[in-house]
Amino acid sequence: MEHLGTGFKDPDPWTPAVLIPEALREELREDHEKRTWDHEPPQPKPLIYWKDVLLLEGVTLTQDARQLNGSERAVLDGLLTPDECGVLLQLAKDAAGAGARSGYRGRRSPHTPHERFEGLTVLKAAQLAQAGTVGSQGARLLLEAGERVRALTQAYFSPERPLHLSFTHLVCRSAIEGEQEQRMDLSHPVHADNCVLDPDTGECWREPPAYTYRDYSGLLYLNDDFQGGDLFFTEPDALTVTAQVHPRCGRLVAFSSGGENPHGVWAVTRGRRCALALWHTWAAEHREQA
Ligand SMILES: O=C(O)CCC(=O)C(=O)O
Ligand SMILES: [Fe+2]
């Protein structure tokens with residue numbers, strides 16, 4: 001970096017003190033004291049960069065908004081270990097198996113007749129764990145993973161204003177065998193998460209039936225052993241693709257939930273694709289009850 005030592009200023013926002021573990025705070029203080037400010041007097045000290053939160057958690061920023069051709073989008077990796085992905089995949093499987101016993105399995109996707117769709121909420125997972133139908137480790141990890149995503153999303157996009165989880169949904173989409181030839185539809189049609197997108201005008205109406213209180217969306221992927229299923233962002237015309245993301249274990253795609261981020265999912269043509277979908281809100285009254 002050619003400008004090192006010449007008063008580098010990071011343009012990114014700060015993270016509130018409450019998010020910083022005491023050990024790291026101490027480290028930052030020492031680090032700050034050691035630094036020599038050759039060309040500029042010290043600035044009023046921000047407590048921490050979101051980057052420190054990421055480093056602490058062993059998380060890396062893989063693509064920022066510029067690389068994703070948008071304004072508020074990011075791809076982060078390393079939020080879950082392979083073992084943790086395994087635990088959550090097993091949870092999804094066990095919960096779906098319980099559905100099978102009670103006659104709810106094999107539901108076609110609400111989005112396409114060519115895929116099966118299994119969804120598990122935090123509440124349902126807790127109930128199933130209580131009943132001994134799924135392991136309690138999985139149900140606990142579901143909560144913990146949600147909190148990791150929330151803390152990072154807040155540090156990255158909303159350091160000044162607390163974000164709450166409003167809904168957590170573990171969703172698996174499975175290709176239905178023998179129905180994939182010449183398939184033209186999507187696994188999830190292009191939409192925005194907090195407004196009704198009108199691709200003809202490019203407007204997005206923040207009104208019901210949209211979940212208007214959603215402010216930031218997170219998709220935490222659990223696997224990549226399937227075909228198709230990439231997430232993509234488009235222009236407001238819902239057609240022009242601006243960025244594409246390939247799911248993999250521990251990868252988080254986080255973005256603001258409005259009309260600036262229309263997105264969809266390509267058809268899953270083989271195998272089963274599982275992801276944790278999380279929606280965050282600034283509105284405490286829409287906080288998830290678990
Ligand atoms: O699973 C994904 O990658 C996206 C799902 C999505 O956009 C949604 O559920 O609103
Ligand atoms: Fe979405």
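Because the structure is a prediction, the values reported are computed rather than measured.
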**Asked** Among all residues two or more places apart in sequence or in another chain, which pass the side chain to side chain contact (heavy atoms under 4.5 Å, CB included) test with N223?
**Response** L89, D225, F226, C274
**Complete:** In terms of heavy-atom contacts, Q154 and R161 come closest through CG-O, 4.1 Å
**Complete:** CG of L197 to OG1 of T234, rounded to nearest 0.5 Å, is 7.0 Å
**Asked** CZ/R183 to CD1/I176 distance, rounded to the nearest 0.5 angstrom?
**Response** 8.5 Å
**Fill in**
Applying salt bridge (Lys or Arg N to Asp or Glu O under 4.0 Å) to R248 and not counting sequence neighbours gives none
**Message:** Looking at Q137, I'd like to know if its CD atom is crowded, meaning that more than 12 non-hydrogen atoms belonging to other residues, nucleotides or ligands lie closer than 6.0 Å.
**Reply:** no
**S166 OG to D215 CG distance, which is reported to the nearest 0.5 Å** = 8.5 Å
**Fill in**
Rounded to the nearest 0.5 angstrom, the OG1-NE2 distance for T281 and H286 is 6.0 Å
**Message:** Measuring only between side-chain heavy atoms, which start at C-beta, is P110 closer than 4.5 Å to F117?
**Reply:** yes
**Request:** Identify the two heavy atoms, one from L128 and one from A95, that lie closest to each other, and give their separation to 0.1 Å.
**Result:** CD1-CB, 3.7 Å
**Set of salt bridge (Lys or Arg N to Asp or Glu O under 4.0 Å) partners for D193, sequence neighbours left out** = none
**Prompt:** Taking the side chain from H263 and the backbone from V190, do they hold a donor-acceptor pair closer than 3.5 Å?
**Reply:** no
**Asked** In Å, rounded to the nearest 0.5 Å, how long is the span from CG of L220 to CG of L252?
**Response** 6.0 Å
**Prompt:** Can you list the residues that meet the side-chain hydrogen bond (donor to acceptor under 3.5 Å, both in side chains) rule with R251, with sequence neighbours excluded?
**Reply:** D77
**Message:** Is the shortest side-chain heavy-atom distance between T112 and L186 below 4.5 Å?
**Reply:** no
**Message:** Ignoring hydrogens, what is the shortest heavy-atom contact between V268 and G229? Give both atom names and the distance.
**Reply:** CG2-CA, 3.9 Å
**Prompt:** Does E285 CD have over 12 foreign heavy atoms under 6.0 Å away?
**Reply:** yes
**Test item: H246 and D230 side chains (from C-beta on) under 4.5 Å apart, heavy atoms** = yes
**Item:** Any donor-acceptor N or O pair under 3.5 Å, side chains S187, E115
**Value:** yes
**Item:** Aromatic ring pairing W266/F232, orientation class (parallel under 30°, perpendicular over 60°, tilted between)
**Value:** parallel
**Prompt:** Rest of the hydrophobic cluster containing V253 (Ile/Leu/Val/Met/Phe/Trp/Tyr, side-chain heavy atoms under 4.5 Å)?
**Reply:** L68, V75, L219, Y221, L231, F233, V245, F255, V265
**H169 and F167 aromatic ring geometry - parallel, tilted or perpendicular at 30°/60° bounds** = tilted
**Fill in**
Of all heavy-atom pairs linking A125 and V134, the shortest is O-CG2, 3.9 Å
**Request:** Indicate yes or no: at least one non-hydrogen side-chain atom of W279 is less than 4.5 angstrom from one of S217.
**Result:** yes
**Prompt:** Taking only residues two or more places apart in sequence or in another chain, which ones pass salt bridge (Lys or Arg N to Asp or Glu O under 4.0 Å) with E72?
**Reply:** none
**Request:** Treating Ile, Leu, Val, Met, Phe, Trp and Tyr as nodes and any side-chain heavy-atom pair under 4.5 angstrom as an edge, say whether L80 and L143 lie in one connected cluster.
**Result:** yes
**Fill in**
Of all heavy-atom pairs linking A283 and H164, the shortest is C-CD2, 4.1 Å
**Prompt:** Under 3.5 Å, is there a donor-acceptor pair linking the side chains of H188 and R173?
**Reply:** yes
**Prompt:** Are K93 and R272 side-chain neighbours, meaning at least one heavy-atom pair lies under 4.5 Å?
**Reply:** yes
**Request:** Check whether any side-chain heavy atom of L170 sits under 4.5 Å from a side-chain heavy atom of L142, and report yes or no.
**Result:** yes
**Complete:** Output for pair (R116 CZ, S109 OG), nearest 0.5 Å, gives 11.5 Å
**Message:** Around atom CD of E177, are there more than 12 heavy atoms from other residues, nucleotides or ligands closer than 6.0 Å?
**Reply:** no
**Prompt:** Under a single-linkage definition using a 4.5 Å side-chain heavy-atom cutoff for Ile, Leu, Val, Met, Phe, Trp and Tyr, are W282 and L165 assigned to the same hydrophobic cluster?
**Reply:** yes
**Request:** Quick one: closest heavy-atom pair of C249 and P82, and the distance?
**Result:** SG-CA, 3.9 Å
**Prompt:** Is there a side-chain contact between V149 and Y216 (heavy atoms, below 4.5 Å)?
**Reply:** no
**Request:** For R270, look at atom CZ and say whether over 12 heavy atoms of other residues, nucleotides or ligands are found less than 6.0 Å away.
**Result:** no
**Residues E288, R150: salt bridge by 4.0 Å N-O rule** = no
**Prompt:** Does L152 reach the side chain of R148, with side-chain heavy atoms less than 4.5 Å apart?
**Reply:** no
